[in-house]
There are 2 protein chains.
Amino acid sequence: MFKSNYMHSFTEENYLKTIYHLSTTNSLVVSTNQIAEITNTKAASVTDMLKKLSDKKLINYIRYQGVTLTENGKNAALNIIRKHRLWEVFLVEKLGFKWDEVHDIAEELEHINSEMLINRLDDFLGNPSADPHGDPIPDRKGAIQQKKMIRISEMNQSECGIISGVSEHSSIFLKLLDKLGLTLGTHVLVREKIEFDGSVIIQINEQIDQTISRELAKNILIML
Amino acid sequence: MFKSNYMHSFTEENYLKTIYHLSTTNSLVVSTNQIAEITNTKAASVTDMLKKLSDKKLINYIRYQGVTLTENGKNAALNIIRKHRLWEVFLVEKLGFKWDEVHDIAEELEHINSEMLINRLDDFLGNPSADPHGDPIPDRKGAIQQKKMIRISEMNQSECGIISGVSEHSSIFLKLLDKLGLTLGTHVLVREKIEFDGSVIIQINEQIDQTISRELAKNILIML
DNA sequence: TTATTTTTTTAGACTAATCTAAAAATTTAA
DNA sequence: TTAAATTTTTAGATTAGTCTAAAAAAATAA
Ligand SMILES: [Mn+2]
Ligand SMILES: [Mn+2]
Ligand SMILES: [Mn+2]
Ligand SMILES: [Mn+2]
């Protein structure tokens, strides 16, 4: 078993992951302040770390201009995300955790360093393609197959589909979805879109109708 | 779920575990140099840490006189050992690792902090009482049931028993035991003790006879 | 296009964990 | 019971990651 990639510290890994998430959800180029906000640090600390990651050739960094991940940096980030999501599957599928309970534990487990471990875990779980929140799991080469999903708020009247993901991962949000029966795999049909407040009336699993707020509709992802 | 014990750093946890192991295998009182050797640090660094652990009331420390664990320190150490051994069981039983491959990974996993996680893992594994090396697993209260075992080197001629543990955990030693068929659960009968070099002729599983060196005989533990 | 606001970086300091070298205490040996 | 050797502690530095305050650059507004 040979060591293919360099070791990065716990902290460096968290920065890389943060930059990856920001660059895929917002603009490709990520700013110092954005990173500071997510990592709960100050801009000055971020600047220090950006210099270090740049020295290690994990990011492309020009003063005052924001950063992007290099190929190496992107691979490192994807590997951490792979580990995070596989551990989340393990916690839910094997240990019986709820989907709103696993994130914090996975934040710790994602830093365990063993390629053999994570590949065997992957096999043990049956090589899942998505985590408990519907997020895709990169394969051992870092390839990620993004499914096309739209938010309920973007659906048209009488369109239907299956709940396949969420764009908000807080415990309070996920527990609410549980309560409303809006878990992954649920069939949703848009009955009516209320223009006044952005709320949406949906039919759940071809049975009851329910009104959900715009906030909810914006954060539930549907595969048509 | 309430937080019962304070958080300790990764490093503090490793010192506590080291002190526990030294105080149970050697004398109760542990010296600075012993700790330095196991933790791969220098005596000066150990002294610094001992002051910190003493301030936190995890050890009883008097300058120049060595340390013992307090009740809190012992509980913290046992909790880490519990996690280490449960993870080792998981790696072997669920992911198919060999007993010589799991220690280093468990050294990382033992620092994951979640009581809920470890208790669920315990249940998932069927509440095992020993790890893959035969070492007892403390229960969730820290209680440990030590089985009485003796080394092959201490057995008398024509005594027999079951291999139930090892007192050496290096990969090279464990792989050798595999090769010789001396894994946990193997039945051993002492045929003859060679005085000249301390080697022992044993019968394995009521079948073939084999001569093992004193070094081997000293590190294999038997339950009579 | 100049002035104001916002963002980012630098300067200097702090903490945890480590080190080397030297001093102090303890143990062992003569 | 004194001298020598060993062990342990202190003193003073170093590194990673963080902070606050101030300076510099960029973006926005007048
Ligand atoms: Mn997560
Ligand atoms: Mn997830
Ligand atoms: Mn081990
Ligand atoms: Mn073990």
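Just so we're on the same page: letters track the sequence lines, and every chain starts at 1. For the numbers below, each heavy atom of this structure counts, side chains included, while hydrogens, waters and symmetry mates do not.
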By side chain to side chain contact (heavy atoms under 4.5 Å, CB included) - contacts of A:Val89 (at least two apart): A:Glu93, A:Leu125, A:Pro128, A:Asp131, A:Pro132, A:Ile137
Under 3.5 Å between N/O atoms: give me all the protein pairs with nucleotides 19-21 of chain C, atom names plus distance.
{"residue": "C:dC19", "atom": "OP2", "partner": "B:Lys42", "partner atom": "N", "Å": "3.0"}
{"residue": "C:dC19", "atom": "OP2", "partner": "B:Ser45", "partner atom": "OG", "Å": "2.5"}
{"residue": "C:dT20", "atom": "OP2", "partner": "B:Lys42", "partner atom": "NZ", "Å": "3.3"}

Distance, rounded to the nearest Å, where A:Tyr64 contributes OH and D:dA24 contributes P: 9 Å
Sorted by number, the residues of residues 12-30 of chain A with heavy-atom contact under 4.0 Å to DNA chain D: A:Tyr15
Interatomic distance where CD1 belongs to A:Ile62 and C1' belongs to C:dT8 [whole Å]: 14 Å
Distance in angstrom units between B:Glu37 CD and D:dT7 C1', rounded: 14 Å
Check ion pair A:Glu107-A:Lys17 (N to O, under 4.0 angstrom): yes
B:Asn33 side chain near D:dT6 phosphate (N/O to OP1/OP2, under 4.0 Å): no
Nearest-0.5 Å distance that lies between atom CG in A:Asn127 and atom CG in A:Leu121: 10.0 Å
Rounded interatomic separation in angstrom, taking CG from B:Leu53 and P from C:dA16: 13 Å
Donor-acceptor pair between B:Ser170 and B:Glu168 side chains, under 3.5 angstrom: yes
B:Thr32, nearest nucleotide to its side chain (from D:dT18, D:dA25, D:dT8): D:dT8
